[in-house]
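Reminder, nothing fancy here: chain letters follow the sequence lines and each chain counts from 1. Because only heavy atoms are used, hydrogens play no part in the values below, and waters and symmetry mates are left out as well, while side chains stay in.
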Protein chains: 2
Amino acid sequence: MTLQTTPTETWAASLRSVGRRVTKQRLAVLAAVERSPHSTADDVVSAARAELADITVQSVYVVLSDLTVSGLLRRIEPPNSPARYETRVNDNHHHAVCTGCGRIEDVDCAVGHAPCLTPSWSPGSSRMTIQIADVVYQGLCTDCREASPEDVPAFPEHTEKH
Amino acid sequence: MTLQTTPTETWAASLRSVGRRVTKQRLAVLAAVERSPHSTADDVVSAARAELADITVQSVYVVLSDLTVSGLLRRIEPPNSPARYETRVNDNHHHAVCTGCGRIEDVDCAVGHAPCLTPSWSPGSSRMTIQIADVVYQGLCTDCREASPEDVPAFPEHTEKH
DNA sequence: GCCTTATTATGAATTACTCACATTAGATGT
DNA sequence: ACATCTAATGTGAGTAATTCATAATAAGGC
């Protein structure tokens, strides 16, 4: 027995800090998501079952949802894909989805300040108090770009503004 | 009979311009989405049936999907909601979703230039050729803010950067 | 160890959407 | 106006992702 803090102990502490009990199901889910970020619920079921053979699909859904609400996981909903989860929660980073193969990459920030939280409203819109700005980029990753037969330039209307 | 261009005639012209036949189903769907932007497929079914009683759910799905591909409609996928559609397609505007009531407002542009297309990549990410950047804001609309018992400030980590 | 209740398992149900195939109806040419 | 071609829609079934109600189990405080 070592006195070092293991990853499992760290997750256990995180669970307690948000007022949740430490269960092997939650630890297995957290470990699975940490090992492969941007996992789907299905991915998590497979990965978690490697260390906890009889965890159920429904439990994984419940755990993922609960951990998202308590702030230990972040849920992202990419286009044309089931929801995905990641353990990187304390920075407001964004995501880029490859339209060719569906792979997802992390993006730190588009600009160095807070444009996302100070939107310019369209006419007729009432103003909201903005708390989160999620940016989803879509494009081609290097692999798919090489494999694609034609050149696919950025859409004109997107290069003018933004 | 007037010689003025009616909304229907305008939609008919748009359909022809993208190489699509003009059908009453497509016109009903376009009119429905134009009348209530950010409609779900279900909303469109209800609205379209007011003028075309026996249009099927499946046809609405097919029409929405086809018109999205041909560029007459834009599809948005807000969190915790089925896909929604709008006719405002030729500007790259974004959306704000109220976490209280789910209402959606249009947002013109966060900043005046193109930060969305020049992301700063996280370490370990490979670079993609970005073509689209969709921004989804989440917050509280004025109605929900008044109704909410406690003050809900913006998250600290989101005010620092972005 | 016991007790409380948070958590997980069980099984069914639902929502949002897609698919294969048959039928109908725009658009084009005569 | 009519025939023809095939895009477009209707029909009916099927699926993926997720949620729900309720019963069984197991953390954590005493």
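- One hydrophobic cluster, built from ILVMFWY side chains closer than 4.5 Å, holds both Met128(A) and Val135(A).
- Just one of His95(A), Arg74(A), His93(A) meets the side-chain hydrogen bond (donor to acceptor under 3.5 Å, both in side chains) condition when paired with Asp134(A); it is Arg74(A).
- Note on Gln58(B): a base of the nucleic acid sits closer than 4.0 angstrom, heavy atoms only.
- Here dG10(D) presents its P atom at 14 Å from CG of Asp66(B), a figure rounded to the nearest Å.
- Rounded to an integer number of Å, the gap from Arg26(B) CZ to dA25(C) P is 15 Å.
- Minimum interatomic distance between Leu30(A) and Thr87(A) (heavy atoms only, all atoms of both residues): O-CG2, 4.1 Å.
- The phosphate of dA27(D) has OP1 or OP2 within less than 4.0 Å of a side-chain N or O from Lys24(A).
- Taking the side chain of Arg20(A) as heavy atoms from C-beta on, and the options dT7(C), dA27(D), dG28(D), the nearest nucleotide is dT7(C).
- DNA chain C is contacted by both Ser81(B) and Thr56(A); Thr56(A) maps to the nucleotide lying nearer its 5′ end (nearest heavy atom per residue).
- Of the candidate nucleotides dT8(C), dA17(D), dG10(D), dT8(C) has the atom nearest to the side chain of Val63(A).
- Nearest-nucleotide positions on DNA chain C place Ala41(B) closer to the 5' end than the other of Thr23(B) and Ala41(B).
- No contact: Val57(B) has no heavy atom under 4.0 Å from any strand.
- We find the CG-OH distance between Leu73(A) and Tyr85(A) to be 8.5 Å, quoted to the nearest 0.5 Å.
- Relative to the side chain of Ser59(B), the nucleotides dG10(D), dA17(D), dA27(C) differ in distance, and dG10(D) lies closest.
- For Asp43(B) and dA16(C), the CG to C1' distance is 13 Å, given to the nearest whole Å.
- Residue contacts shown for Arg75(B) are limited to sugar-phosphate atoms, with no base heavy atom under 4.0 Å away.
- Between dA8(D), dG10(D), dA26(D), one nucleotide has an atom nearer to the side chain of Arg21(B) than all others, and that is dA8(D).
- If you take CZ of Arg16(B) and P of dT28(C), they are 8 Å apart, rounded to a whole angstrom.
- Looking only at atom types and distance, the side chain of Thr56(B) has a donor-acceptor partner in the side chain of Ser59(B) under 3.5 Å away.
- Distance CG (Leu27(A)) to P (dA26(D)): 15 Å, rounded to an integer number of Å.
- Nucleic acid contact class of Asp54(A) (heavy atoms, under 4.0 Å, all strands): sugar-phosphate only.
- Between the C1' atom of dA8(D) and the CD atom of Gln25(B) lies a distance of 8 Å, rounded to the nearest Å.
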